[in-house]
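Remarks on the structure that follows.
Proteins get letters first, then strands, A, B, ... in listed order; numbering begins at 1 in each.
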Protein chains: 2
Amino acid sequence: MSRTIKVLLAEDQAMVREALAALLGLEEDIEVVAQVARGDEVLDAARAHGVDVALLDIEMPGATGIEAAALLHRELPAVKLVVLTTFGRPGYLRSAMESGADAFLVKDAPAAQLADAVRRVLAGERVIDPTLAAAALADGANPLTDREREILRAAADGSTNAELATALHLSQGTVRNYLSTAIQKLAVRNRAEAVQVARNKGWL
Amino acid sequence: MSRTIKVLLAEDQAMVREALAALLGLEEDIEVVAQVARGDEVLDAARAHGVDVALLDIEMPGATGIEAAALLHRELPAVKLVVLTTFGRPGYLRSAMESGADAFLVKDAPAAQLADAVRRVLAGERVIDPTLAAAALADGANPLTDREREILRAAADGSTNAELATALHLSQGTVRNYLSTAIQKLAVRNRAEAVQVARNKGWL
DNA sequence: GGTGCCGCATGACATCTGTCATCCGGCACC
DNA sequence: GGTGCCGGATGACAGATGTCATGCGGCACC
């Protein structure tokens, strides 16, 4: 019989993290050997405990689960990566896969899929919700340039053009031009809607 | 020795819900007898299983955990109510307590507090994070009128004044007036910021 | 019965936002 | 060496947004 699977759990909400650990603890062949609450603590913990699989939530302080995945993939390529998220945003799936993730799960899915995904990625499989995969492909890639994304992100909190201009060291007109092209690319009618759809698609 | 505490668990994300159930299942004296994923299924489930404590997430389809709490409090006053949420928004705490909640927990808190809160509400105690309670008191009550809140909520997705006017059967000028007063009450400079702070405080 | 708040409305005004045409330098690709 | 995209900028214009004064009817509270 093979030894247990060593799992690292990265999730910022303590209650959810410990609950997921309890859930995985019920499995005979799985052991949660490390828990972290921040994205920037993932690499050290993975190194220290020699984990087989890392379970990464996307929304975390320090670094997102996707950033952590990219780092792990580069530094510890043997570690299998399961990305876990509240939001089934196509853009998230896309960037998770591009960062080297082996599985992508949404928290809406039944709990049984979690242990299942851990075992399957270790067996070399990839685990992705087919519906979400289809949506990601249908949406295509992020049409926004880096700068457009940056400015849209900055505009998301309701800042005015003047504030954005000073914050980003641009002229007010330039800010408006970028927002205008972003609005057109996203086929919406104002910046607020642009922020909305970009968020929903995971493009922000 | 007393019998086990019967708990109802209401949370829309299956993985989180089942994980929390696993966590509570580790406790000798607690038994999760019902799980629901929607706010509007809470009452029936509570009735059917004769639960002692209801654990209610706020963000749920069908009805929010706060609405569910109010309903349970009216229909089954013997059931103790624990409200659970991702967001420690002062306004949430306030309306949860006004709806008859006995405990208010954020998912950031350590998992041990969950079982602890269940036992304490059953003993007649109230369980609230003191920091959050202070914030709720410092913020004061929601300064927005019903109508202002309604219009701000409708404007949150980036709808234009014209759209809001037709949707709410108002004149465009009236829409602008309401938004203007909301903006002033919240001490911000445009509708986007107003939406932001209203959301953060739990006033939306 | 007066006072005050709410919902709703209008009109006028100033400012902010979004669009468009046009320009420049840099860089990649054929 | 031409073509095209990106980052950055200007100026002009139309339309959307925010402010303010003012008015009305309804309702609650003293």
Hey, is A:Arg153 close enough to A:Glu150 for a salt bridge, meaning N to O under 4.0 Å?
no

Where along residues 184-192 of chain B does a heavy atom come under 4.0 Å from DNA chain D, residue by residue in number order?
B:Gln184, B:Asn190, B:Arg191

Salt bridge or not between B:Lys6 and B:Asp52? Use side-chain N to carboxylate O under 4.0 Å.
no

In whole angstroms, how far is the C1' atom of C:dC16 from the CG atom of B:Leu179?
15 Å

If you walk 5' to 3' along DNA chain D, what is the first nucleotide with an atom under 4.0 Å of a heavy atom in chain B, and what is the last?
D:dT17 to D:dC20

Would you call A:Glu163 and B:Arg189 a salt bridge, using N to O less than 4.0 angstrom?
yes

List the residues meeting side chain to side chain donor-acceptor pair (under 3.5 Å) with B:Arg120, not counting sequence neighbours, and say none if there are none.
B:Asp116, B:Glu125

Which part of the nucleic acid, if any, lies within reach of B:Thr174 when heavy atoms closer than 4.0 Å are counted: base, sugar-phosphate only, or nothing?
base

Classify the side-chain pair A:Glu59/A:Thr64 by whether it contains a donor and acceptor separated by less than 3.5 Å.
no

Whether B:Glu31 and B:Arg3 form a salt bridge (side-chain N of Lys/Arg under 4.0 Å from carboxylate O of Asp/Glu) is what I want to check.
no

Just how large is the angle between the end axes of the helix from C:dG1-D:dC30 to C:dC30-D:dG1, five pairs per end, to 10 degrees?
40°

Return the value, rounded to whole Å, for the distance between atom CZ of A:Arg147 and atom P of C:dG26.
18 Å

Any heavy-atom pair between the side chains of A:Leu105 and A:Thr85 that's under 4.5 Å?
no

Taking side chain to side chain donor-acceptor pair (under 3.5 Å) as the definition, give me every residue that meets it alongside A:Thr166, ordered by chain and number, with sequence neighbours left out.
none

Any side-chain heavy atom of B:Leu186 sitting closer than 4.5 Å to one from B:Leu152?
yes

Which of C:dC20, C:dT17, C:dG7 is nearest the side chain of A:Arg176? It is C:dT17

Which pair of heavy atoms, one from B:Glu18 and one from A:Ala111, lies closest together, and at what distance?
OE1-CB, 3.2 Å

Would the distance check show the side chain of B:Gln113 and the main-chain N or O of B:Pro110 forming a donor-acceptor pair, the cut-off being under 3.5 Å?
no

Are B:Asp12 and A:Lys107 ion-paired here, with the side-chain N under 4.0 Å from a carboxylate O?
no

Expected list for residues 158-168 of chain B near DNA chain D, using heavy atoms below 4.0 Å, is B:Thr160, B:Asn161

Short question: side chain of B:Ser99, backbone of B:Ser95 - any donor-acceptor pair under 3.5 Å?
yes

Can you measure B:Tyr178 atom OH to C:dC6 atom P for me and round it to whole angstrom units?
10 Å

If you take atom types as modelled and just measure distance, does the side chain of B:Asn177 reach the base of C:dT10 with a donor-acceptor pair under 3.5 Å?
yes

Does C:dC6 have OP1 or OP2 sitting under 4.0 Å from an N or O in the side chain of B:Thr145?
no

Atom CG of B:Leu170 to atom C1' of C:dA9: distance rounded to whole Å?
10 Å

